[in-house]
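All remarks here apply to the structure that follows.
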Amino acid sequence: MTSVRKPPDVRVPRLVGLMAVDARETAEARGVMLAAPDRPDFHLTVVDYVVRQYPPPGTVVPPGAFVTVWFDFGEGEGGGGAGVREPRLPRPPSGGLQRELDAPGDPFEVLR
């Protein structure tokens with residue numbers, strides 16, 4: 001009686017932050033497949049960055065398992081920009097960097 005050896009499980013790599021082309025290469029090297037529900041043309045996608053993945057990195061899965069990646073943030077996940085930041089009240093204290101211009105009447109005028 002022959003026994004069929006099951007290939008060893010693999011760990012899901014961290015794909016968030018990688019460009020699509022690098023994510024595909026990394027997944028292939030680690031023995032998992034990629035699926036991208038928000039990109040039907042995923043096989044052509046090159047420079048878009050992965051913003052989310054499931055299962056998370058480090059999860060043990062059977063070889064050939066699918067890892068789902070997304071390239072766009074979903075509703076309410078932070079993809080809508082940086083938000084409103086100004087005006088801040090109270091205002092920040094004065095000081096800090098000054099423009100590099102000669103002050104009027106500066107006794108040590110910069111020669112150009």
Side-chain angles (χ1 to χ4, degrees):
M1 177 170 166
T2 61
S3 65
V4 177
R5 293 192 82 157
K6 178 184 157 198
D9 289 342
V10 296
R11 289 194 182 276
V12 174
R14 177 175 172 76
L15 302 170
V16 173
L18 296 179
M19 287 191 301
V21 65
D22 296 329
R24 283 192 300 267
E25 289 175 3
T26 301
E28 183 180 332
R30 296 288 183 91
V32 295
M33 306 290 289
L34 291 186
D38 65 339
R39 294 297 161 93
D41 59 344
F42 174 61
H43 63 286
L44 301 174
T45 306
V46 177
V47 296
D48 291 345
Y49 288 87
V50 175
V51 298
R52 197 169 33 136
Q53 77 178 68
Y54 183 83
T59 304
V60 177
V61 296
F66 275 88
V67 176
T68 304
V69 294
W70 290 267
F71 294 92
D72 293 322
F73 286 108
E75 187 68 33
E77 288 186 316
V84 177
R85 294 194 173 158
E86 297 295 339
R88 293 185 298 189
L89 297 176
R91 297 212 179 272
S94 63
L97 297 176
Q98 299 292 321
R99 291 180 56 193
E100 293 187 31
L101 297 176
D102 297 335
D106 187 349
F108 302 103
E109 185 175 318
V110 176
L111 300 176
R112 299 189 206 293

Checklist entry - Pick from T26, V50, V67: which one makes a side-chain contact (heavy atoms from CB on, under 4.5 Å) with L34? => result V67
Item to check | For Q53, the option from T68, L18, V16 that meets side-chain contact (heavy atoms from CB on, under 4.5 Å) | outcome: V16
Distance (rounded to the nearest 0.5 Å) between [X] [atom1] and [Y] [atom2]:
| X | Y | atom1 | atom2 | value |
| --- | --- | --- | --- | --- |
| D22 | Y49 | CG | OH | 8.5 Å |
| T59 | D9 | OG1 | CG | 11.5 Å |
| F71 | R52 | CZ | CZ | 12.0 Å |

Checklist entry - Does the side chain of P63 reach to within under 4.5 Å of the side chain of V32, using non-hydrogen atoms? => result no
Checklist entry - Is there side-chain contact between V10 and R30, with heavy atoms separated by less than 4.5 Å? => result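 Result no, sub-4.5 Å side-chain heavy-atom pair not found.
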Checklist outcome for this item: In short, M33 meets G64 closest at the heavy-atom pair CG-O, 3.4 Å
Next on the checklist: According to a hydrophobic-cluster definition based on side-chain heavy atoms being under 4.5 Å apart (Ile, Leu, Val, Met, Phe, Trp, Tyr only), do L44 and F42 belong together?
Outcome noted: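 Per the 4.5 Å side-chain linkage, L44 and F42 are not co-clustered.
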Item to check | Side chain R24, main chain T45, donor-acceptor under 3.5 Å | outcome: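 Yes, because the side chain of R24 sits within donor-acceptor range (under 3.5 Å) of the backbone of T45.
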Checklist entry - Would you find a donor on one side and an acceptor on the other, under 3.5 Å apart, between the side chain of R11 and the backbone of G58? => result yes
